[in-house]
Amino acid sequence: MSMRAEYVTRPREEIANLLRRERRFVSAADIHAKLKRARARVALSTVYRTLEHLRAKGDITERIDSAGDASYMLCEPRHHHHAICSKCGKVEDVDCTAIELFAKSLRTLHGFTLDGHAMEFVGRCRSCG
Ligand SMILES: [Zn+2]
Ligand SMILES: [Zn+2]
Ligand SMILES: [Zn+2]
C-alpha cells in the first residue's frame, strides 16, 4: 500500500466507523471534535468532504433542524422513520405500516391522494423513560 492511498482512505474509514457506533444524529463539528479526542488527525474540511461522499452514496441521512443546522446518521436505504429521544438523542428506526391506514382515510375523507410523506417522532427512549 502506498503512503498516499493510506492518507486518502484512513479519514474516511475513521468517520464511517464513528458513524457506525453513534446511534444519533451528529454534526460535522461533533464528528471533528470526537475524532480529535480520539487523537485522529482529520481536518474539518475532510469531514465535510467525507460526509458529502457518504450522502451521495446514500449511506447516511442528513437532517436539518429548526435552526438550520445539519447533522448526519448512518441509515439503511429502505424507507423508514426516526424516533428521536429528546433527552439523550438516541435514534430508533421505525417503519410506518400505520401510515397506510391514515392514507386510506385521507382519501375517503378528503379525496386526497398521498404520494409520499416525511416525518420524525420526538419523545423519550427506553433508558430515559
Ligand atoms: Zn434511519
Ligand atoms: Zn434517551
Ligand atoms: Zn413512511
Side-chain angles (χ1 to χ4, degrees):
M1 203 206 295
S2 78
M3 286 297 284
R4 194 164 176 275
E6 194 174 327
Y7 177 75
V8 171
T9 53
R10 265 200 76 219
R12 264 190 197 174
E13 275 166 29
E14 304 249 21
I15 293 166
N17 286 340
L18 190 150
L19 285 168
R20 213 163 284 134
R21 284 193 306 269
E22 294 286 331
R23 285 304 298 160
R24 67 201 75 231
F25 282 96
V26 283
S27 69
D30 288 342
I31 293 168
H32 187 239
K34 279 175 199 284
L35 289 173
K36 211 170 182 181
R37 235 173 286 144
R39 301 190 186 289
R41 257 189 271 153
V42 181
L44 185 58
S45 58
T46 306
V47 174
Y48 278 113
R49 218 177 319 118
T50 304
L51 287 172
E52 189 44 48
H53 168 79
L54 291 170
R55 199 170 67 90
K57 269 174 60 189
D59 288 348
I60 58 173
T61 296
E62 182 183 51
R63 176 175 185 267
I64 311 288
D65 67 16
S66 50
D69 294 323
S71 54
Y72 305 86
M73 196 176 86
L74 213 66
C75 256
E76 290 181 54
R78 67 175 173 84
H79 175 86
H80 64 280
H81 297 272
H82 293 134
I84 304 172
C85 178
S86 55
K87 277 197 170 172
C88 71
K90 185 169 173 267
V91 175
E92 291 286 342
D93 283 351
V94 291
D95 78 359
C96 60
T97 38
I99 301 300
E100 298 296 318
L101 274 174
F102 180 69
K104 210 173 277 175
S105 79
L106 261 185
R107 199 155 47 233
T108 31
L109 295 176
H110 303 280
F112 185 87
T113 304
L114 193 67
D115 286 331
H117 60 267
M119 60 183 156
E120 63 183 30
F121 307 98
V122 184
R124 274 153 293 134
C125 76
R126 200 170 286 144
S127 348
C128 296

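Both ligands and their constituent atoms are indexed starting at 1 by order of listing. A quick note: this is a predicted structure, and the numbers were derived from the prediction, not measured.
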Problem - N, O or S from H81 under 2.8 Å to the Zn ion (ligand 1) - result: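 False for H81.
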Exercise for the section: Return yes when at least one N/O/S atom of D93 is nearer than 2.8 Å to the Zn ion (ligand 1), and no when none is. Expected result: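 Of the N, O and S atoms in D93, at least one lies under 2.8 Å from the Zn ion (ligand 1), which means yes.
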Return yes if some donor-acceptor pair links the side-chain N/O of [X] with the main-chain N/O of [Y] below 3.5 Å, else return no.
| X | Y | answer |
| --- | --- | --- |
| H32 | V42 | yes |
| R124 | K87 | no |
| H82 | E120 | no |

Practice task
Please calculate the SG(C88)-the Zn ion (ligand 2)-SG(C85) angle and round it to 10 degrees.
Solution key: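 About 110°, to the nearest ten degrees.
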Handout entry: Angle in degrees, rounded to 10°, that NE2 of H79 and SG of C96 form at the Zn ion (ligand 3)
Key =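 With the Zn ion (ligand 3) as the vertex, the angle is close to 110°.
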Exercise for the section: Taking the side chain as every heavy atom from C-beta outward, state whether K90 and R126 have any atom pair closer than 4.5 Å. Expected result: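 Heavy-atom side-chain distance check fails, nothing below 4.5 Å.
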Handout entry: Mutual orientation of the aromatic rings belonging to H81 and F121 [parallel < 30°, tilted 30-60°, perpendicular > 60°]
Key =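 Judged by the thresholds at 30° and 60°, the geometry between H81 and F121 is perpendicular.
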Problem - Name, closest N/O/S atom of H80 to the Zn ion (ligand 1) - result: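 The atom in question is NE2.
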